[in-house]
Novice: 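The structure is given below, and queries will be raised subsequently.
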Amino acid sequence: MTTIARATDTLTRDALAVLQPGFTGTAAPDWLLRRLGEGLASVGLFGRNVAGAEPLAALTAQLRAEREDVLVAIDEEGGDVTRLEVRTGSSFPGNLALGAVDDVGLTRAVAAELGRRLAECGVNLNWAPSADVNSNPDNPVIGVRSFGSGTDLVARHTAAYVTGLQSSGVAACTKHFPGHGDTAVDSHHAVPRIDVDGDVLAARDLVPFRAAIAAGSRAVMSAHILAPALDPDRPATLSRRILTDLLRGELGYEGLIVTDGIEMRAISGTYGIERGSVLAIAAGADAICVGGGLSDEDTVRRLCDALVGAVRAGELAEERLADAAERVRALARWTSSHRADAARVADGTDGDVGLRAARRALRLTGADGFTPLTEPPFVAALSPVANIAVGDETPWGIAAELSRLLPGTETGSFTGPDAGGAMLAAAGKRRIVAVVRDEHRHPWMAAALDTVLAARPDTIVVEMGVPRAEPRGSLHLATHGAARVCGRAAAEAVAGV
């Protein structure tokens, strides 16, 4: 009986070790602390857990008081996807802006400063960067999260980002393997499919991941996408061909493989989270990310029980689960041994690097004949539905920054087929600054600009998404992202600061 009890305890600890769960609130609940004592090795943080740098540092200290080597992960890409500054907007431009500047030294510096801030708050694993080549301009979930549509550009900036981030002692988790850029479906909602042959995937999508691996990325995140050229039956997260044969075998990757959120509909809606988690570990994944949507103890219990049950039923090799758990613990040891790096990076703090990058990323069309505004305008934001990765909590646009520079600035948000007329009525005689996000993907948005520009050709247009539509307006500004610093850079240009 003693032997059985020990085996069971080891099995349960290994099952808990491969989970990266989330929770609600800005303090760790009792159940989470208890699970850390039972073998849980990682915790995932989301915007709901962050109330500022000091409360976040207190939260991570609370976790480490229970388990010193815990991996504390967060989805902090900078740019549109921010958790550290979820309620204010990011101090760092996102990947597309960095790709537009195309200065790998700047990308490395931005990632290092972002990593320093994470480390200062006690976070040691960042689910970033996105290494996706945004080859499909209609992609609804990647867009500005990608460094761009060029394979070589994405590869060199992915490597620079990994190097910069990890110089702070924070592990990078390069995503979304084998590449989410050529998709027209958001895997939060369904299973995307990439129908290109293997040669295209190898020459386009896999190249940035090879660069990330060469740069020493400590973790890689799998995508819930179906790539029939690689595996016609299962999405990457559940595919042994993709995770073990390709990523481990052909690409020679030895670090931690983390799944994208297992509760995303691409997995939960087709396999269920329990079955999906078992299949993912069996396929070669080492850690199950869960908590963006399901953030309670019952979820942890269900997944732990599913993994333990699968081992006992012979559906999951005990050695595979043990190997996955050991890879998690190995990364925890790496982060513990590199904490001193955070202190060294702190000596070179560069708090303004994000704003400098955003200013360099700004692209102006029509600036030669433009006279900066001196009177407060009307800022009209044409607001699409935010994708789940970005969320709707984070403010975007330039109204707040223009209000600071031109007090009295008014603003409104518009959407739908009548947006153009509503904008004109709301603006009255004020100069209009129309702020859009991915105009090329939203016909209603393009139609609204048509209406406004026909009546008010002096309208200024600010594109804060992927600048695919033809520039128009008396001045057109492409910010390459909607981070707060991107809005500030655009506002400075409009006001002539």
Novice: With distance as the sole test, does His176 use its side chain to make a donor-acceptor pair with the main-chain N or O of Met221 at under 3.5 Å?
Specialist: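 Such a contact is absent between His176 side chain and Met221 backbone.
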
Novice: Checking Ser295 side chain against Gly291 main chain: does a donor-acceptor pair fall under 3.5 Å?
Specialist: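 Pair absent, no side-chain N/O of Ser295 close to backbone of Gly291.
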
Novice: Taking 4.0 angstrom as the limit, do Arg117 and Glu120 come out as a salt bridge?
Specialist: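 Salt bridge between Arg117 and Glu120, a charged N being under 4.0 Å from a carboxylate O: no.
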
Novice: For Arg48, is the CZ atom crowded, meaning more than 12 foreign heavy atoms sit under 6.0 Å from it?
Specialist: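 Check passes, neighbour count above 12.
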
Novice: Which pair of heavy atoms, one from Pro208 and one from Val133, lies closest together, and at what distance?
Specialist: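 Nearest pair, atom of Pro208 first, then Val133: CG-CG2, 3.7 Å.
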
Novice: Can you measure from OG (Ser91) to CG (Leu355) and round to the nearest 0.5 angstrom?
Specialist: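 Interatomic distance, Ser91 OG to Leu355 CG, rounded to 0.5 Å: 9.0 Å.
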
Novice: Between the main-chain N or O of Gly261 and the side-chain N or O of His224, is there a donor-acceptor pair closer than 3.5 Å?
Specialist: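 Yes.
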
Novice: Nearest 0.5 angstrom please: Asn49 CG to Thr60 OG1, how far?
Specialist: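 The OG1 atom of Thr60 is 11.5 Å from CG of Asn49, to the nearest 0.5 Å.
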
Novice: With no hydrogens and no angle check, is any side-chain donor or acceptor of His480 less than 3.5 Å from a backbone partner on Ala361?
Specialist: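 Yes.
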
Novice: Name the orientation class of the two ring planes belonging to Phe177 and Phe209 (parallel below 30°, tilted from 30 to 60°, perpendicular beyond 60°).
Specialist: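 Because their plane-to-plane angle is over 60°, the rings of Phe177 and Phe209 count as perpendicular.
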
Novice: Can you list the residues that meet the side-chain contact (heavy atoms from CB on, under 4.5 Å) rule with Ala160, with sequence neighbours excluded?
Specialist: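 For Ala160 the side-chain contact (heavy atoms from CB on, under 4.5 Å) partners, ignoring immediate neighbours, are Val104, Thr107, Arg108.
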
Novice: Side chains of Val81 and Asp75: does their closest heavy-atom pair fall under 4.5 Å?
Specialist: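 Yes; the side chains approach each other to less than 4.5 Å.
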
Novice: Does the side chain of Thr479 pick up a donor-acceptor pair with the side chain of Glu463 at under 3.5 Å?
Specialist: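 Judged by distance alone, the side chains do not pair up.
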
Novice: Run the side chain to side chain contact (heavy atoms under 4.5 Å, CB included) check on Val466 and His440 step by step: do they pass?
Specialist: CA-CA 8 Å; Val466 179; His440 69 284; 3.9 Å; yes

Novice: One pair to check against side chain to side chain contact (heavy atoms under 4.5 Å, CB included): Asp80 and Trp396. What are the steps and the verdict?
Specialist: CA-CA 8 Å; Asp80 290 28; Trp396 70 284; over 6 Å; no

Novice: Asp350 vs Arg356, test: salt bridge (Lys or Arg N to Asp or Glu O under 4.0 Å). Steps then yes/no.
Specialist: CA-CA 10 Å; Asp350 188 355; Arg356 293 202 312 274; 2.9 Å; yes

Novice: Does the side chain of Val144 reach to within under 4.5 Å of the side chain of Asn95, using non-hydrogen atoms?
Specialist: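 Answer no - side chains too far apart.
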
Novice: Measure the shortest side-chain to side-chain distance between Leu98 and Asp103 over non-hydrogen atoms and say whether it is less than 4.5 angstrom.
Specialist: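 Side chain of Leu98 against side chain of Asp103, heavy atoms only: no contact under 4.5 Å found.
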
Novice: What distance separates Leu125 CG from Thr335 OG1, expressed to the nearest 0.5 Å?
Specialist: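 Result: 8.5 Å between the selected atoms.
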
Novice: May I have the step-by-step check of side-chain hydrogen bond (donor to acceptor under 3.5 Å, both in side chains) for Asp102 and His157, ending in yes or no?
Specialist: CA-CA 8 Å; Asp102 195 13; His157 285 278; 2.7 Å; yes

Novice: Do Asp296 and Phe23 have side chains that get closer than 4.5 Å, going by heavy atoms?
Specialist: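 Not touching, per the 4.5 Å side-chain cut-off.
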
Novice: Are any non-hydrogen side-chain atoms of Asn126 and Leu165 less than 4.5 angstrom apart?
Specialist: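 Side-chain contact under 4.5 Å: yes.
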
Novice: Within the structure provided, determine whether Arg456 and Leu424 are in side-chain contact (heavy-atom separation under 4.5 Å).
Specialist: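 In short, these two side chains touch, coming nearer than 4.5 Å.
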
Novice: Whether the side chain of Arg484 engages the backbone of Gly89 through a donor-acceptor N/O pair (distance < 3.5 Å, no angle test) should be reported.
Specialist: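 Here the side-chain-to-backbone pair exists.
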
Novice: Looking only at heavy atoms, what is the nearest atom pair of Ser383 and Thr415, with distance?
Specialist: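 Distance-wise, the nearest heavy atoms are O-OG1, 3.4 Å.
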
Novice: So does Ala97 get a backbone contact from the side chain of Arg360, meaning a donor-acceptor N/O pair under 3.5 Å?
Specialist: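 No; zero donor-acceptor contacts below 3.5 Å.
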
Novice: Taking Ala399's backbone N and O only, do any of them form a donor-acceptor pair with Ser403's side chain (distance below 3.5 Å, no angle check)?
Specialist: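 Checking the backbone N and O of Ala399 against the side chain of Ser403, a donor-acceptor pair under 3.5 Å is found.
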
Novice: Could you check whether Arg359 pairs with Asp352 (Lys NZ or Arg NE/NH1/NH2 to Asp/Glu carboxylate O, under 4.0 Å)?
Specialist: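 Asp352 and Arg359: not salt-bridged.
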
Novice: Do Glu263 side-chain atoms and Ser268 backbone N/O form a donor-acceptor pair below 3.5 Å?
Specialist: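 No; judged by distance alone, with no hydrogens or angles, the pair does not exist.
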
Novice: Are the side chains of Leu256 and Val258 in contact, using a 4.5 Å heavy-atom criterion?
Specialist: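 In contact.
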
Novice: Quick one: closest heavy-atom pair of Ser90 and Glu76, and the distance?
Specialist: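 Heavy-atom minimum between the residues: OG-OE2, 4.5 Å.
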
Novice: Carefully, step by step, assess Leu16 and Arg35 under the rule side chain to side chain contact (heavy atoms under 4.5 Å, CB included).
Specialist: CA-CA 8 Å; Leu16 285 169; Arg35 291 293 188 177; 4.2 Å; yes

Novice: Hey, are Asp132 and Lys175 close enough for a salt bridge, meaning a charged N less than 4.0 Å from a carboxylate O?
Specialist: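 No, Asp132 and Lys175 are not salt-bridged.
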
Novice: Would you check if the side chain of Glu410 reaches a backbone N or O of Val379 as a donor-acceptor pair within less than 3.5 Å?
Specialist: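 Not at all, since once roles are kept as given, no pair shorter than 3.5 Å links the two residues.
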
Novice: Can we say Arg472 and Glu439 salt-bridge, meaning some charged N sits less than 4.0 Å from an Asp/Glu carboxylate O?
Specialist: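 Looking at Glu439 together with Arg472, the answer is yes, because their closest N to O distance falls below 4.0 Å.
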
Novice: Applying side chain to side chain contact (heavy atoms under 4.5 Å, CB included) to Ile398 and Met464, what does each step give before you reach the verdict?
Specialist: CA-CA 9 Å; Ile398 72 168; Met464 302 196 81; 4.2 Å; yes

Novice: Mark yes or no for whether Arg210, through its side chain, and Leu206, through its backbone, hold a donor-acceptor pair below 3.5 Å.
Specialist: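 No: the side chain of Arg210 does not pair with the backbone of Leu206.
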
Novice: Any salt bridge between Asp69 and Arg64, counting N to O under 4.0 Å?
Specialist: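 Salt bridge: no.
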
Novice: Is the distance between the ring centroids of Phe46 and Trp127 under 6.0 Å?
Specialist: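 Yes: the rings meet the under 6.0 Å criterion.
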
Novice: Under 3.5 Å, is there a donor on one side chain and an acceptor on the other for Arg87 and Thr394?
Specialist: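 Side chains of Arg87 and Thr394: no pair found under 3.5 Å.
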
Novice: Test side-chain hydrogen bond (donor to acceptor under 3.5 Å, both in side chains) on Ser149 and Ser135; report intermediate values, then the result.
Specialist: CA-CA 5 Å; Ser149 58; Ser135 53; over 6 Å; no

Novice: Under the salt bridge (Lys or Arg N to Asp or Glu O under 4.0 Å) rule, what do Arg204 and Asp152 come out as? Steps first, then yes or no, please.
Specialist: CA-CA 9 Å; Arg204 182 188 64 188; Asp152 292 341; over 6 Å; no

Novice: Rounded to the nearest 0.5 Å, what's the gap from CG on Leu294 to OG1 on Thr299? Could you check?
Specialist: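 Going from the CG atom of Leu294 to the OG1 atom of Thr299 covers 4.5 Å.
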
Novice: Of all heavy-atom pairs between Asp458 and Ser474, which one has the smallest distance, and what is that distance?
Specialist: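 Scanning both residues, the minimum pair turns out to be O-OG, 2.9 Å.
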
Novice: Is Glu375 paired with Arg431 through a side-chain N to carboxylate O contact shorter than 4.0 Å?
Specialist: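 Looking at Arg431 and Glu375, the cut-off is not met.
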
Novice: Atom CZ in Phe147, atom CD1 in Ile142: separation rounded to 0.5 Å?
Specialist: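 Between Phe147 CZ and Ile142 CD1, I get 12.0 Å after rounding to 0.5 Å.
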
Novice: Does Pro21 reach the side chain of Leu40, with side-chain heavy atoms less than 4.5 Å apart?
Specialist: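 Side-chain contact under 4.5 Å: yes.
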
Novice: Is it the case that Thr237 and Thr259 place a side-chain donor and acceptor less than 3.5 Å from each other?
Specialist: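 There is no such pair between these side chains.
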
Novice: Using 0.5 Å steps for rounding, measure from the CZ atom of Arg329 to the CG atom of Asp286.
Specialist: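 Between Arg329 CZ and Asp286 CG, I get 11.5 Å after rounding to 0.5 Å.
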
Novice: How far apart are the closest heavy atoms of Leu402 and Val494, and which atoms are they?
Specialist: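 Nearest pair, atom of Leu402 first, then Val494: CD2-CG1, 4.1 Å.
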
Novice: Please find the pair of heavy atoms, one from Thr409 and one from Pro376, that lie closest to each other, and give the distance.
Specialist: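 Reported closest heavy-atom pair: N-CB, 3.3 Å.
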
Novice: Could you verify whether a donor N or O on one side chain and an acceptor N or O on the other, from His180 and Thr183, lie under 3.5 Å apart?
Specialist: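 Result is yes, a qualifying pair exists.
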
